[in-house]
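Reckoned from all heavy atoms, side chains included, excluding hydrogens, waters and symmetry mates. Counting convention: from 1, in listed order, for ligands and their atoms alike.
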Amino acid sequence: MWVSLIGFMASGKSTVARALGEHALLDVRDLDTEIEDAAVCDTAGIFDREGEAAFRVRELAALERLPAAADLILACGGGVVETPEACELLRDRGAVVWLDAPWEVLRRRLEESYVAARPLLAQGWTDVESRLRARLPLYAATAHFRLRSDLAEPRELVSRVLTCRLRHARRFGSPTT
Ligand code: S3P
C-alpha cells in the first residue's frame, strides 16, 4: 500500500517522508525526483523548457511508473492535485494524507528556504497565495486524512501518519498489513 503525502509547497512532505523512512524503515519516494530522473533535467529546467502543463504530464507518467502494489511512502509535489487522474491514482493506491498549514506559515518557510526547484515562486506572493486557495478544495477532496503539519514535530507527524496508514489498511484492506 502507498501512503502519499500531499499538500502545498513547504508543508513538510519531504521532511516527514524522510523521517518515516528513518524511523519506520519504509521505502520512500519523492515524486519530483522521479520526474527529474526520467527527464534527466531538474524541475526548474522542465518548467523553463517545456512549461507547467508538460511538467504535469510528466508528473502523472511518473506516478504511473511507480509499482502499484509496493509498500511505500510517496512525497508528492504540491501541484499533483491539479491533475484529476493523478488524484484518482493516488487514492487507488492507498492512503492519501494531506499535510496542511496556514498560508502565513507556508510563506515564511518558503521565504526562508527559497529553492530553484520551486519555479512557481517566481510568479510572486499574490499568485502563490491564490494557487494555495484554489488548491485547498482539491487537497480536501483527494485526501483520506488531514494533518496540521505546523502544530507537531516531524517525529510526532511520523507516528500520526503511521496511524493513518493503519486505519486505512483496516478500513480498505491491504495485502501487507
Ligand atoms: C510544485 C511544487 C513542487 C514541484 C514543482 C511544482 C507546485 O514540489 O513539484 O515546483 O505546483 O506546487 P514541492 O511541493 O515539493 O515543493
Side-chain angles (χ1 to χ4, degrees), residues 2-22 26-66 72-90 93 96-143 145-150 154 157-158 161:
W2 296 11
V3 177
S4 301
L5 304 180
I6 63 169
F8 204 64
M9 292 177 278
S11 59
K13 301 169 302 248
S14 303
T15 307
V16 174
R18 254 197 317 274
L20 276 156
E22 280 165 25
L26 290 162
D27 184 15
V28 173
R29 305 293 183 95
D30 183 279
L31 191 53
D32 286 339
T33 306
E34 301 285 330
I35 298 165
E36 291 178 343
D37 288 350
V40 199
C41 182
D42 64 15
T43 297
I46 299 170
F47 268 73
D48 199 38
R49 287 201 326 229
E50 304 176 1
E52 183 178 346
F55 180 84
R56 299 290 162 222
V57 172
R58 288 184 174 279
E59 195 168 45
L60 179 60
L63 278 176
E64 288 170 341
R65 276 194 305 271
L66 286 170
L72 53 86
I73 303 290
L74 178 65
C76 297
V80 74
V81 292
E82 294 198 9
T83 307
E85 296 91 332
C87 299
E88 201 180 323
L89 184 149
L90 292 177
R93 300 284 192 263
V96 183
V97 180
W98 172 20
L99 297 185
D100 189 22
W103 165 243
E104 296 68 31
V105 173
L106 297 171
R107 176 172 170 161
R108 184 166 30 78
R109 287 187 191 161
L110 287 168
E111 280 173 337
E112 283 166 5
S113 63
Y114 188 92
V115 284
R118 290 174 173 149
L120 289 182
L121 297 187
Q123 297 176 349
W125 294 118
T126 309
D127 281 14
V128 176
E129 184 179 2
S130 303
R131 279 271 183 164
L132 169 65
R133 306 270 168 233
R135 285 178 184 171
L136 290 176
L138 303 176
Y139 293 131
T142 306
F145 304 94
R146 169 178 172 264
L147 299 176
R148 274 287 294 268
S149 66
D150 57 315
L157 287 168
V158 163
V161 172

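- Protein heavy atom nearest atom 3 (C) of ligand 1, with residue, atom name and distance: Asp32 OD2, 3.6 Å.
- In this structure, Glu36 falls outside the shell of residues with a heavy atom less than 4.0 angstrom from ligand 1.
- Residue-environment remark: CD (Glu85) exceeds the threshold of 12 foreign heavy atoms within 6.0 Å.
- With ligand atoms numbered from 1 in the order given, ligand 1 contributes 8 (O), 9 (O), 14 (O) to contacts under 4.0 Å with heavy atoms of Gly77.
- Scanning the protein heavy atoms around atom 10 (O) of ligand 1, the nearest turns out to be Ala117 O, 2.8 Å.
- Distance from atom 12 (O) of ligand 1 to its nearest protein heavy atom, with residue and atom name: Arg135 NH1, 2.7 Å.
- The shortest N or O to N or O distance between Phe47 and ligand 1 is not under 3.5 Å.
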**Asked** Hey, mind stepping through Arg29 and Glu34 against salt bridge (Lys or Arg N to Asp or Glu O under 4.0 Å) and telling me if it holds?
**Response** CA-CA 8 Å; Arg29 305 293 183 95; Glu34 301 285 330; 3.6 Å; yes
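- Below 4.0 Å from some heavy atom of Leu120 lie the following atoms of ligand 1, by number and element: 7 (C), 11 (O), 12 (O).
- A side chain to side chain contact (heavy atoms under 4.5 Å, CB included) with Arg131 holds for exactly one of Glu129, Arg135, Arg133; it is Arg135.
- Minimum heavy-atom separation, Gly77 to Leu31: N-CB, 4.3 Å.
- The salt bridge (charged side-chain N to carboxylate O under 4.0 Å, His left out) check on Arg148 picks up Asp150, with sequence neighbours excluded.
- Ring-plane geometry between Phe8 and Trp103 is classed as perpendicular, the angle between the planes exceeding 60 degrees on a 0 to 90 degree scale with a lower cut at 30.
- For the pair Glu59 and ligand 1, the shortest N or O to N or O distance does not fall below 3.5 Å.
- Shown in contact with Thr43 at under 4.0 Å from a heavy atom are these atoms of ligand 1, numbered in order with element: 5 (C), 10 (O).
- Looking at Glu36 and Thr43, their side chains do bring a donor and an acceptor atom within 3.5 Å of each other.
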**Request:** Take Glu52 and Arg58, measure what salt bridge (Lys or Arg N to Asp or Glu O under 4.0 Å) needs, and give me the verdict at the end.
**Result:** CA-CA 10 Å; Glu52 183 178 346; Arg58 288 184 174 279; over 6 Å; no
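- Considering backbone and side-chain N/O of Lys13, one or more are found under 3.5 Å from N/O of ligand 1.
- Put simply, the side chain of Lys13 gets close to the backbone of Gly7: a donor and an acceptor are under 3.5 Å apart.
- Annotation: Arg118 places an N or O atom under 3.5 Å from an N or O atom of ligand 1; distance criterion only.
- Per-residue contacts place Pro119 under 4.0 angstrom from the following atoms of ligand 1 (heavy atoms of the residue considered): 10 (O).
- Polar contact with ligand 1: absent for Ser14 (N/O pair, distance under 3.5 Å).
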